[in-house]
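Inspection log for the structure reproduced underneath, given as structure tokens.
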Protein chains: 2
Amino acid sequence: MTTARSDGGVKSVQLAFDVLEAVAAAPGEVGVSELATLLGTTKGTVFRHLQTLVERGYVDQNTVSARYKLGTRSYLIGQVAAGRIELLTASSDAIASLRDDIGETVVVSELRNRTLVVLRTVFGKSNLEIGVRQGSELALHGTAQGKVALAFSNRALLQHVLRQGLPRLTDHTIVEQAKLEAELELARTQGFLTAPNEETFGINAVAAPIFDRMGNVAGTVAIVGSVQNIKPAPDQIQIEAVLKASLRISWNLGYDRGAIDARKRTEAAAS
Amino acid sequence: MTTARSDGGVKSVQLAFDVLEAVAAAPGEVGVSELATLLGTTKGTVFRHLQTLVERGYVDQNTVSARYKLGTRSYLIGQVAAGRIELLTASSDAIASLRDDIGETVVVSELRNRTLVVLRTVFGKSNLEIGVRQGSELALHGTAQGKVALAFSNRALLQHVLRQGLPRLTDHTIVEQAKLEAELELARTQGFLTAPNEETFGINAVAAPIFDRMGNVAGTVAIVGSVQNIKPAPDQIQIEAVLKASLRISWNLGYDRGAIDARKRTEAAAS
DNA sequence: TCGAGCGTTTCGTACTGCAAGACGATTCTC
DNA sequence: GAGAATCGTCTTGCAGTACGAAACGCTCGA
């Protein structure tokens with residue numbers, strides 16, 4: 001879809017997943033007509049796909065209201081997937097101790113297909129729950145996690161983001177290319193980044209990159225909280241805890257500092 | 001779906017889910033050829049569907065080995081589903097306290113489309129982990145859960161099971177119709193059932209039915225353990241704990257004893 | 001060097017999923 | 001209690017597409 005040449009796989013399957021995800025996105029139950037208008041297609045088509053999904057168990061139909069919601073198989077597939085996703089298994093211990101040590105909400109995201117998706121959120125100890133919905137996308141230019149991912153990824157991703165423009169999310173969002181690039185440079189020198197008030201006013205985060213065994217950015221780990229608890233210049237303890245967690249997760253993914261250093265030198269020579 | 005006339009929904013979507021589930025069933029990563037032979041189709045077709053699934057994020061492709069495994073979206077859909085499946089949310093508290101009180105493994109299953117699927121397993125306190133894999137199917141004639149579900153379901157389900165035959169799983173499996181029907185009658189009078197050595201030698205369980213707001217069997221809750229810890233005639237404490245849990249879950253589902261009693265009377269009159 | 005295996009790509013055709021509309025059954029409105 | 005306006009479900013002709021077969025690079029190991 002980014003390039004015109006790709007055919008996008010099997011069309012009716014795409015539609016089936018559109019339906020499934022629309023059912024997932026809806027709060028509570030949804031009806032056929034509702035889904036049809038939502039997806040811009042006809043009732044008949046949606047109905048047919050829902051039949052398939054119900055038969056498979058991915059969607060359940062309430063026998064009295066005749067409306068639809070997510071079914072058991074969707075849950076079970078997710079359970080299996082939880083054990084197969086490296087970033088998830090590799091990070092579980094580290095995020096637990098990070099949360100316990102610091103007390104703030106911990107968010108792990110995965111860089112996938114030019115987007116940064118929230119994989120897991122563990123709420124902090126505060127009574128006020130501050131977090132990011134699992135599955136939501138993080139702005140690459142407007143969040144600590146996004147900027148840090150951008151900083152350690154290849155140039156193509158940055159150019160992609162710049163081409164899309166830098167939408168202003170709050171008064172403090174970085175919207176100038178020069179300023180963004182300075183921030184990325186800062187990330188590369190200090191190994192982490194903050195983003196006070198940049199995505200949501202009153203909220204700050206400390207984010208560090210997670211590398212896979214190839215030395216590429218697999219995702220990010222971050223603590224998220226109010227600017228009161230996470231200052232624009234965060235406590236050294238907070239910074240070190242996030243950095244420690246990111247290294248621990250990267251290590252679990254098979255990351256080897258020697259390999260990435262070698263890669264960096266190669267790239268520096270090429271640039 | 002019970003009749004042969006049904007077309008079973010969208011064919012290519014069926015295949016897509018076959019592929020997805022085959023990927024989920026495989027330990028670790030799988031290749032295209034392997035999946036093709038497994039599903040009895042061609043490499044090209046499997047590849048095409050994998051493309052779709054990868055693009056959607058339900059499946060990931062390892063860039064170095066070129067083989068496939070479950071992806072992030074599968075996990076995220078499951079996370080959403082976990083919050084939407086009534087039986088899961090309604091049972092979470094009850095199974096936690098059942099496990100803590102009794103110490104044995106707790107298994108919650110859902111009756112769906114004439115099969116009993118394991119929704120959730122919480123391991124007991126023993127060092128030896130005895131449990132049933134999430135997503136696996138329980139034999140309706142050969143497990144405590146299955147028999148109990150059968151006992152409180154409609155006659156059609158029993159007839160369906162009898163038509164399929166009663167495969168012998170161990171020396172103690174019930175394979176005679178008369179004996180099975182006596183067991184079901186016992187379930188209806190005492191409200192629970194055991195199955196020592198019937199499915200696996202050395203293993204026993206205490207299972208009770210879970211009812212939904214319509215008074216139909218939604219699933220079962222059970223403790224599972226070695227015959228040493230769960231005797232053929234279990235401790236009164238164990239029995240009462242399972243019954244209490246089943247009532248609590250049924251209550252959370254909106255079950256009303258008055259409604260089911262009325263229904264029973266109607267059925268008794270009809271039989 | 002060869003061959004066997006892999007994942008990927010191409011291509012023509014049989015088939016099948018889509019759009020449009022009809023159909024009962026509910027649920028409102030008056 | 002009758003009519004209108006939904007709802008989910010079902011049918012049908014046609015256009016488009018997903019499938020199977022075979023070929024293509026490529027990476028191994030013999």
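Reckoned from all heavy atoms, side chains included, excluding hydrogens, waters and symmetry mates.
Counting only heavy atoms from C-beta on, A:F47 has its side chain closest to D:dC10 among D:dC10, D:dA21, C:dC6. Taking every side-chain heavy atom of B:T41 into account, D:dG20 is the closest of C:dC18, D:dG20, D:dC7. Among D:dC19, D:dC7, C:dC6, the nucleotide with an atom closest to any side-chain atom of B:R48 is D:dC19. Side-chain proximity of B:V32 to C:dG17, C:dG7, D:dC7: nearest is C:dG7.
As rounded to whole Å, 15 Å separates atom P of D:dA18 from atom CD of B:Q14. Straight-line distance from the CD atom of B:E29 to the P atom of C:dC6: 15 Å, rounded to whole Å. Rounded to an integer number of Å, the gap from CG of A:L15 to P of D:dT17 is 12 Å. Look at CZ on B:R67: it is 15 Å from P on C:dG5, rounded to the nearest Å. Atom CG in B:N62 sits roughly 11 Å away from atom P in C:dT8 (whole-Å rounding). Nucleotide D:dC10 holds its C1' atom 15 Å from the CG atom of A:L50, rounded to whole Å. Rounded to whole angstrom, the span from the NZ atom of B:K43 across to the P atom of D:dG25 amounts to 15 Å. Nucleotide D:dA18 holds its P atom 13 Å from the CG atom of B:L53, rounded to whole Å.
Residue contacts shown for B:E34 are absent, as no nucleic acid heavy atom lies under 4.0 Å away. Within the nucleic acid shown, B:S12 comes within 4.0 Å of sugar-phosphate atoms alone, with no base atom in reach, counting heavy atoms only.
Between B:G44 and A:S33, it is A:S33 whose nearest contact on DNA chain D lies nearer the 5' terminus. Sequence order on DNA chain D of the closest nucleotides to A:S65 and B:T42 puts A:S65 first from the 5' end.
For C:dG17, the OP1/OP2 oxygens have no side-chain nitrogen or oxygen of A:H49 closer than 4.0 Å. For the OP1/OP2 pair of D:dC19 and a distance below 4.0 Å, the side-chain nitrogens and oxygens of B:T45 include no atom meeting the criterion. OP1 or OP2 of C:dT16 has at least one side-chain nitrogen or oxygen of B:K11 nearer than 4.0 Å. Using a 4.0 Å cut-off, some side-chain N or O of B:Q61 falls inside it from OP1 or OP2 of C:dT8. The phosphate of C:dT8 has OP1 or OP2 within less than 4.0 Å of a side-chain N or O from B:Y68.
Looking only at distances, no side-chain donor or acceptor of A:T45 sits under 3.5 Å from a matching main-chain atom of A:T41.
For the residue pair B:E110 and A:T72, a side-chain donor N or O sits within less than 3.5 Å of a side-chain acceptor on the partner. A side-chain N or O of A:R56 and one of B:Q14 form a donor-acceptor pair less than 3.5 Å apart.
B:R112 places a side-chain heavy atom less than 4.5 Å from the side chain of A:D60.
When each of A:V221, A:N252, A:V148 is tested with A:I210 by the rule side-chain contact (heavy atoms from CB on, under 4.5 Å), just one qualifies, namely A:V221.
Taking the six-membered ring where the residue is Trp, B:F152 and B:F211 present perpendicular rings, their angle passing 60° and hence far from 30°.
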